[in-house]
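See structure below.
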There are 2 protein chains.
Amino acid sequence: MVVRNKATIADVARVAGVSTATAGRVLGGYGYTSDEMKDQVQKAARQLGYRPNALARGLITGKTRTLGVVAGDIQNPFYASVLRGISNVAEADGFGLLITNSDESRSKEVQSVELLAQKQVDGLIVTPSDTRKARHLHNLLSMEIPLVLIDRAVAGLSVDRVAADNIAAGEQAVRHLFEAGHRRIGIIAELVEDEGDGLAAFLARAASGDPMEAEALYPSWQRLLGYVRAHRIAGVAVDPRLVFRAGSYSAEAAQVGVPLLLGLSDPPTALFTTDGTMSEGAMRAITALNLSIPRDLSLVCFDDLDWMSFMQPGISTMSQPRLAMGEAAARMLLERIQGENCPPRTVLLPAELISRGSVLRRVLDPAV
Amino acid sequence: MVVRNKATIADVARVAGVSTATAGRVLGGYGYTSDEMKDQVQKAARQLGYRPNALARGLITGKTRTLGVVAGDIQNPFYASVLRGISNVAEADGFGLLITNSDESRSKEVQSVELLAQKQVDGLIVTPSDTRKARHLHNLLSMEIPLVLIDRAVAGLSVDRVAADNIAAGEQAVRHLFEAGHRRIGIIAELVEDEGDGLAAFLARAASGDPMEAEALYPSWQRLLGYVRAHRIAGVAVDPRLVFRAGSYSAEAAQVGVPLLLGLSDPPTALFTTDGTMSEGAMRAITALNLSIPRDLSLVCFDDLDWMSFMQPGISTMSQPRLAMGEAAARMLLERIQGENCPPRTVLLPAELISRGSVLRRVLDPAV
DNA sequence: CAGATATATGAGAACGTTCTCTGTTCATTG
DNA sequence: CAATGAACAGAGAACGTTCTCATATATCTG
């Protein structure tokens with residue numbers, strides 16, 4: 001049973017005294033075989049320590065039972081949870097998972113996709129780092145390799161997609177602050193790629209109620225859009241100076257924003273951070289400035305990270321269903337792999353407001 | 001260049017007007033080829049959108065340039081970082097990464113290893129969930145599949161291994177508390193599998209200075225061993241009632257321990273939590289009990305999680321180099337894959353005490 | 001009972017690469 | 001100038017499976 005050199009179907013067949021075809025049928029579980037043969041072959045297989053070679057199987061079937069995933073950064077709790085969701089359904093179906101990091105770089109993403117394609121994955125789940133230039137993704141489609149996008153869309157690429165309902169979530173977060181009596185609300189957002197004509201123009205268009213092609217926007221821009229909408233509903237004009245653009249996906253970049261916003265002549269009384277990384281950066285700044293939440297500053301974050309529930313006070317946040325997002329994406333991908341042929345689907349999962357202790361109820365100044 | 005059906009070497013050869021052998025040599029980068037042929041073949045390949053099939057290549061070479069990893073849970077920050085470290089070096093060498101979760105269950109681990117082996121990974125990195133029964137791992141060795149262990153060892157399995165120096169780290173953490181004047185120090189540890197004859201016997205043996213086979217102990221037992229050694233150095237007897245055994249790798253289990261320890265007639269003034277999950281559980285309890293750190297309770301954790309640095313006050317902790325652990329493991333594995341044949345190596349990376357504000361300096365009662 | 005169908009087995013092709021072997025050319029060498 | 005060997009190209013085997021096809025028997029079906 002413990003054997004040094006690996007046994008093949010031919011070896012098993014020889015020992016069992018049958019043809020390789022029969023042995024293959026028994027071990028591969030296809031075609032017809034008699035119980036007698038089954039026993040014989042299985043006994044030989046056990047004896048030789050036979051282990052099927054998935055490469056050979058994949059080569060001939062054209063299926064590897066492996067999914068490829070291009071995540072931004074496994075280490076980031078967002079991707080870690082999404083991956084876990086994907087892993088859960090992949091594992092349940094006996095699929096393997098080939099995982100790479102893009103670090104939000106287009107060239108690394110292209111490289112990853114190429115690697116995964118060469119390894120003949122049956123399908124891919126990608127969080128695209130560029131919402132416009134995506135020839136490598138279009139290429140997959142033309143090769144008929146199923147593709148599911150997570151968290152972001154790509155303009156002109158109509159494939160299955162799952163994301164949080166970022167606009168609604170952003171709106172709800174900020175509305176929550178308005179309802180607590182806040183009027184000057186800062187936002188700390190990534191906003192890395194320029195959506196066409198710059199932040200000012202974006203804010204103007206959003207404030208005017210222009211519906212825009214919000215679907216293909218980056219999540220942070222969508223959440224900003226929600227921020228603007230909440231202002232419109234509250235009848236409060238958006239002050240562009242309250243919008244801090246980190247410009248990169250890092251806590252350090254976000255950290256800079258807090259003292260900047262609070263240093264304004266008319267500083268915000270509350271902050272909305274648009275993702276886990278921005279939230280972490282904001283918290284670092286708040287600690288560094290020795291501010292007390294919610295006395296000195298109210299805070300609503302995005303994405304429920306573990307520490308938010310055991311900080312004192314707890315941090316109110318828009319919780320997005322990361323695990324469910326991963327699971328939904330994997331399920332959609334598996335359906336496509338199994339031949340599902342319906343038009344591309346978009347699954348928008350709602351984020352949920354978890355209200356903890358980081359928002360101060362303000363009595364409104366009647367003069368305003 | 002954009003082609004629907006995938007092109008093979010034979011297709012490229014036909015278009016280029018050469019033999020498949022020559023086309024293969026050009027595209028595979030082996031053997032002799034003239035520059036003329038190279039141009040011709042590469043042009044044809046580009047034109048057809050040729051993409052090498054790693055399955056076919058792997059089938060014949062016996063190498064897949066893919067590593068398999070069995071982690072406990074990708075979602076856990078510890079594994080997420082370790083994975084990122086592995087990914088960094090794998091990617092630099094052009095290796096793919098097949099990742100699975102074991103959820104610390106032996107049967108899932110066995111299943112994962114089997115899956116990865118069938119997919120013909122060139123080597124495996126495993127965080128074994130059982131330090132004793134590991135036939136599946138011995139099996140890998142007999143098949144000559146390189147294996148590297150992370151975080152834990154397996155008794156009787158001598159392979160490359162990388163881990164934190166848990167005993168020294170545990171000792172340093174607790175010594176730090178002694179030096180701050182604490183005498184009754186609680187420990188919240190996983191201690192899931194019974195190390196032979198139970199906790200009481202373990203404590204007795206450890207306190208007597210018995211060296212034990214500490215190498216093959218679970219990390220939490222090793223950190224407990226450090227805890228005991230620090231007591232010996234400080235000349236303080238270990239009170240078994242101060243050792244809380246969570247019994248499972250979950251924050252909920254850890255959370256229970258805090259009120260239990262604090263409810264003792266002679267409660268601890270400080271706590272040592274032996275990993276990130278235990279720390280999270282302890283923090284939840286501390287928040288629920290509305291305790292103030294370090295006034296009501298001092299705390300030293302293990303593993304530096306992001307929130308520990310921006311809590312108010314910051315949490316002192318033993319920081320283990322998770323990324324470096326993953327990188328070291330991957331490097332060792334790649335060396336083995338490239339034929340390195342030296343005897344099994346053990347890399348113990350030191351953990352570093354990061355002193356923040358969670359430890360109160362106590363003035364010692366002269367009566368004690 | 002003829003004909004169809006389900007069940008069972010084996011021989012050998014096929015998947016897309018790399019490897020081995022044979023053969024040719026051409027420059028170098030003593 | 002014969003001998004050597006490096007540089008190159010092609011034919012075909014090999015990797016370990018599954019697939020197709022041919023064949024044979026047992027079991028239904030009308």
Side-chain angles (χ1 to χ4, degrees), chain A residues 3 5-42 44-45 48-66 96 115 117-122 143-145, chain B residues 3 5-42 44-45 48-66 115 117-122 143 145:
Chain A
V3 182
N5 22 13
K6 24 195 112 184
T8 72
I9 281 194
D11 298 328
V12 174
R14 203 171 311 119
V15 169
V18 300
S19 70
T20 63
T22 302
R25 274 189 282 259
V26 172
L27 298 171
Y30 54 90
Y32 290 113
T33 39
S34 64
D35 291 350
E36 197 187 357
M37 287 286 142
K38 268 199 190 93
D39 287 352
Q40 223 166 308
V41 171
Q42 277 162 353
L48 294 175
Y50 170 75
R51 165 148 44 206
N53 183 327
L55 292 188
R57 178 175 292 169
L59 182 56
I60 194 162
T61 59
K63 300 272 154 222
T64 52
R65 297 187 74 79
T66 303
L115 180 80
Q118 288 190 6
K119 291 194 187 297
Q120 312 293 122
V121 293
D122 291 338
M143 294 286 193
E144 295 185 341
I145 300 176
Chain B
V3 183
N5 22 12
K6 24 196 113 185
T8 71
I9 281 194
D11 298 329
V12 173
R14 203 173 309 119
V15 170
V18 300
S19 70
T20 62
T22 303
R25 274 189 282 258
V26 172
L27 298 170
Y30 54 90
Y32 289 114
T33 39
S34 64
D35 292 350
E36 197 187 358
M37 288 285 142
K38 266 198 192 93
D39 288 350
Q40 223 166 310
V41 170
Q42 276 161 355
L48 292 175
Y50 170 76
R51 170 176 303 158
N53 183 326
L55 293 188
R57 178 175 291 170
L59 182 57
I60 195 162
T61 60
K63 300 273 155 222
T64 52
R65 297 188 73 79
T66 303
L115 179 80
Q118 288 189 5
K119 293 196 186 295
Q120 311 295 120
V121 294
D122 291 338
M143 294 287 193
I145 300 176

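Order of the sequence lines fixes the chain letters, A, B, ..., with proteins taken first and strands second; residue numbering starts at 1 for each chain.
Along DNA chain D, the nucleotide closest to B/Ala56 and the one closest to A/Thr61 are compared, and the more 5′ of them pairs with B/Ala56.
A side-chain N or O of B/Lys119 and one of A/Thr66 form a donor-acceptor pair less than 3.5 Å apart.
One interatomic measurement links the two molecules: CZ of B/Arg57 to P of D/dT17, which rounds to 21 Å at whole-angstrom precision. As rounded to whole Å, 11 Å separates atom P of D/dG16 from atom CZ of A/Arg14. In this structure, the CG atom of A/Asn53 is 14 Å from the C1' atom of C/dT17, given to the nearest Å. As rounded to whole Å, 11 Å separates atom P of C/dA8 from atom CD of A/Glu36. Per the geometry, OH belonging to B/Tyr50 stands 8 Å off C1' belonging to C/dG16, to the nearest Å. Going from atom CG of A/Leu55 over to atom P of C/dC15 covers 18 Å, rounded to whole Å. For the pair B/Met37 CE and C/dT25 P, the computed distance is 14 Å after rounding to whole Å. Per the geometry, CD belonging to B/Gln120 stands 16 Å off C1' belonging to C/dG16, to the nearest Å.
Within the 4.5 Å cutoff, no side-chain heavy atoms of A/Arg65 are placed close to those of A/Arg57.
Formation of a donor-acceptor pair under 3.5 Å by the A/Gln40 side chain with backbone atoms of A/Ala16 is found in this model.
Between B/Val15 and B/Ala44, the closest heavy-atom pair is CG1-CB, 3.7 Å. Across B/Leu55 and A/Gly58, no two heavy atoms sit closer than the pair CD1-C, 3.6 Å. Heavy-atom minimum distance, B/Val41 versus B/Val18: CG2-CG2, 4.0 Å. A/Gln120 and B/Ala54 get closest at one heavy-atom pair: OE1-N, 4.4 Å. The two residues B/Gly62 and B/Asp122 have their closest heavy-atom pair at O-OD1, 4.2 Å.
Bending across the helix from C/dC1-D/dG30 to C/dG30-D/dC1, expressed as the angle between its end axes from five pairs apiece, amounts to 30° (10° rounding).
Scored by the salt bridge (charged side-chain N to carboxylate O under 4.0 Å, His left out) test, B/Arg25 finds no partners at all (sequence neighbours excluded).
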Could you pull out every donor-acceptor pair under 3.5 Å between side chains of residues 27-38 of chain B and any protein atom, sequence neighbours left out?
unit_1: B/Ser34; atom_1: OG; unit_2: B/Met37; atom_2: N; d: 3.3

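Within residues 15-22 of chain B, the residues that place at least one heavy atom under 4.0 Å from DNA chain D are, in residue-number order, B/Val18, B/Ser19, B/Ala21, B/Thr22. Using a 4.0 Å cutoff on non-hydrogen atoms, the parts of residues 24-35 of chain B near DNA chain D are B/Arg25, B/Tyr32, B/Thr33, B/Ser34, ordered by number.
Here side-chain hydrogen bond (donor to acceptor under 3.5 Å, both in side chains) pairs that include residues 11-20 of chain A, with residues two or more places apart or in two chains, are A/Thr8-A/Asp11, A/Asp11-A/Arg14, A/Ser19-A/Thr22.
In the set D/dT17, C/dT18, C/dG16, D/dT17 carries the atom at the smallest distance from any side-chain atom of A/Thr8.
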